[in-house]
Amino acid sequence: MSFTKLVCGRLYDGVHDEIQAGREILIEDARIAEVGAHTATPAGCRIVDLSALTVTPGMIDAHVHASFFDWREIAKDPIYYSDGMRALAASECARRALSGGFTTIRHVGWFREDYVLDVRRAIDAGFLTGARMVAAPHFLCAPGSHGDSTQSLATNPALSRFLETQYPTMGSGPDFFRDAVRHEVKIGADFIKIMATGGFFTPNDSPEDRQLADDELRAIIDTAHALNRTVTAHAYTAELITTLAEMGIDGIEHASLADRAAIRLLEEKDIYVVPTFCPYDEIVLLDEDKLAQKPPAFQRKLRRYRDRLVESRRAILDSNLRLGYGTDLVTGYQNYECGREYSALLRNGMDPYRALRAATAENARIVGRADDIGTIEPGKLADIAAWPRDLLTDDKALLDCAFVMKEGREYPTQCMLETR
């Protein structure tokens, strides 16, 4: 049995929308034992002085694609990356995310096999250092969809068709998708991820494309729920979001073209949204330098949909939705720069307490770990981070971590403002 006391300068505990001064956190082994103005000091207790910092729960990023080392390499993935290379990349992403103060990341699938469940297990067993991973190993998707990386090889139909056969959860028909869900659950998926619409990143589709039929969507959702797994969907448009909500979907990723009626329906049904402002921030806030780093097709689609992206973003900010926090970084920034979404949220006018709550307590609910993480309270795991910047006024605050602890153990930190 070991004890550690953290002496906090300021504390955001994830429970209250306030920054508290003069708090201490007593940790016994991996868990928080006591929080207060003056906690006990057991014999042999180690004291850690964080009096110059703002202490928070370990942050959670609920939309990460962990399976690449560098965003500039993604175009090579369909041909040049092996499954083992993606697994190594996922491990490195988890390590770097932890060094940035994010103690949990939610991996929402990738185009090809990445053995992320093995990475998750190795981290949980202590063989690898990294953020805790909650994972959906594969996209459930149709050929030619936003989840089909062979789009980039469509000019070579034979090669594209062959590579489709290497993707275990890409297919057609409700029977195929029932089996796909069962397979995902069998191998250890924490949740199920659907690619329900086209997207911005892939070259040959549109974010308004509806890429799975109603009977396929219903088969996925009903089968997952029967097996006690939640389901989230990559979805943009109001029409499809409304359909998914009526089918009983648990969450929506993006919702970037939703209207106010669809958002009201999500509110009524208590369906969470992970809005991922980061990938669209350059067009909404018109940052031409960053926009130029995206592939040409990505840029064209962003420009075409800019007015609707702006309108939907305002509706999300004005809503009472259960908002999660997720980065979805695949161009311009590395996938482990998890603090980027905080910058986007604040620069778009979100109240900082709502953004902090999304990245802590709300995300803990979304990843199914609210009993263990997301707040600083007695009995919770000692997942804790500390920051030198003002979280309420500095949009770069979550890119500059000065202290991180996961399950009572400290790890080295890295300022993400210095990465490239």
Side-chain angles (χ1 to χ4, degrees), residues 63 65 107-113 135-152 154 160-161 163-187 189-227 229-259 262 265-266 269 271-274 276 301 305 312 326 328 330:
H63 196 117
H65 298 289
H107 175 74
V108 288
W110 193 238
F111 297 104
R112 299 284 301 283
E113 185 61 69
H138 306 104
F139 304 141
L140 271 65
C141 63
S145 71
H146 186 61
D148 180 0
S149 66
T150 72
Q151 276 197 41
S152 62
S160 177
R161 173 69 77 172
L163 289 175
E164 284 181 22
T165 67
Q166 308 303 300
Y167 200 91
T169 56
M170 182 163 65
S172 299
D175 288 342
F176 172 87
F177 285 110
R178 286 189 194 96
D179 285 348
V181 171
R182 290 166 180 151
H183 179 268
E184 293 291 279
V185 172
K186 179 182 77 171
I187 65 175
D190 293 305
F191 64 100
I192 300 299
K193 166 73 178 296
I194 308 173
M195 284 295 193
T197 63
F200 289 89
F201 180 71
T202 39
N204 302 330
D205 57 2
S206 160
E208 292 187 276
D209 290 349
R210 184 165 173 173
Q211 296 182 328
L212 290 171
D214 281 4
D215 58 350
E216 294 171 323
L217 294 170
R218 195 171 287 109
I220 294 169
I221 294 169
D222 290 350
T223 305
H225 286 171
L227 297 174
R229 294 300 189 277
T230 59
V231 186
T232 192
H234 163 106
Y236 288 108
T237 63
E239 177 190 8
L240 183 56
I241 288 169
T242 299
T243 297
L244 290 165
E246 297 294 355
M247 288 181 180
I249 196 83
D250 299 286
I252 299 290
E253 311 296 311
H254 314 304
S256 306
L257 302 176
D259 61 19
L265 180 63
L266 295 175
K269 291 183 173 293
I271 295 168
Y272 69 79
V273 173
V274 180
T276 65
K301 285 188 268 190
Y305 287 100
S312 179
D328 192 25
V330 293

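- The residues R178 and D175 are annotated as salt-bridged, a charged nitrogen and a carboxylate oxygen being separated by less than 4.0 angstrom.
- Interatomic distance, Y236 OH to I241 CD1, rounded to the nearest 0.5 Å: 10.5 Å.
- Shortest non-hydrogen contact noted between G199 and P207 is O-CD, 3.6 Å.
- Of all heavy-atom pairs spanning T197 and A235, the tightest one is OG1-CA, 3.8 Å.
- Here the closest non-hydrogen pair linking T232 and I252 is OG1-N, 3.7 Å.
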Could you go through the side-chain contact (heavy atoms from CB on, under 4.5 Å) check for K269 and I249 one step at a time? CA-CA 10 Å; K269 291 183 173 293; I249 196 83; over 6 Å; no
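- The backbone N or O of A135 lies less than 3.5 Å from a partner atom in the side chain of D190, making a donor-acceptor pair.
- Separation of atoms CG (D222) and NE2 (H225) is listed at 8.0 Å; rounding is to 0.5 Å.
- In this structure, T223 OG1 and I192 CD1 are separated by 9.5 Å, a value rounded to the nearest 0.5 Å.
- Here CE of M247 is found 9.5 Å from CD1 of I220. Values are rounded to the nearest 0.5 Å.
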Step-by-step salt bridge (charged side-chain N to carboxylate O under 4.0 Å, His left out) determination, D179 to R182: CA-CA 5 Å; D179 285 348; R182 290 166 180 151; 3.4 Å; yes
Walk me through whether Q211 and H146 qualify under side chain to side chain donor-acceptor pair (under 3.5 Å). CA-CA 8 Å; Q211 296 182 328; H146 186 61; over 6 Å; no
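- Summarising the geometry of K301 relative to F200, their closest heavy-atom pair is CE-O, 3.3 Å, with the distance given to 0.1 Å.
- Taking all atoms of both residues into account, the shortest heavy-atom contact from V231 to A224 is CG2-CB, 3.3 Å.
- Proximity of F139 to R112: side-chain heavy atoms (C-beta onward) are nowhere separated by under 4.5 Å.
- Donor-acceptor pairing under 3.5 Å is lacking for the side chains of Y305 and S312.
- Contact check for E184 versus I187: side-chain heavy atoms found under the 4.5 Å cut-off.
- Rounding to the nearest 0.5 Å gives a distance of 6.5 Å between CG of L240 and CG of L217.
- Of all heavy-atom pairs between L140 and L212, the closest is O-CD1, 4.2 Å.
- No side-chain heavy atom of E239 sits less than 4.5 Å from a side-chain heavy atom of E208.
- Put simply, the residue from H63, K193, H254 that forms a side chain to side chain donor-acceptor pair (under 3.5 Å) with H234 is H254.
- Atom CD1 of I221 and atom OG1 of T230 lie 11.5 Å apart (nearest 0.5 Å).
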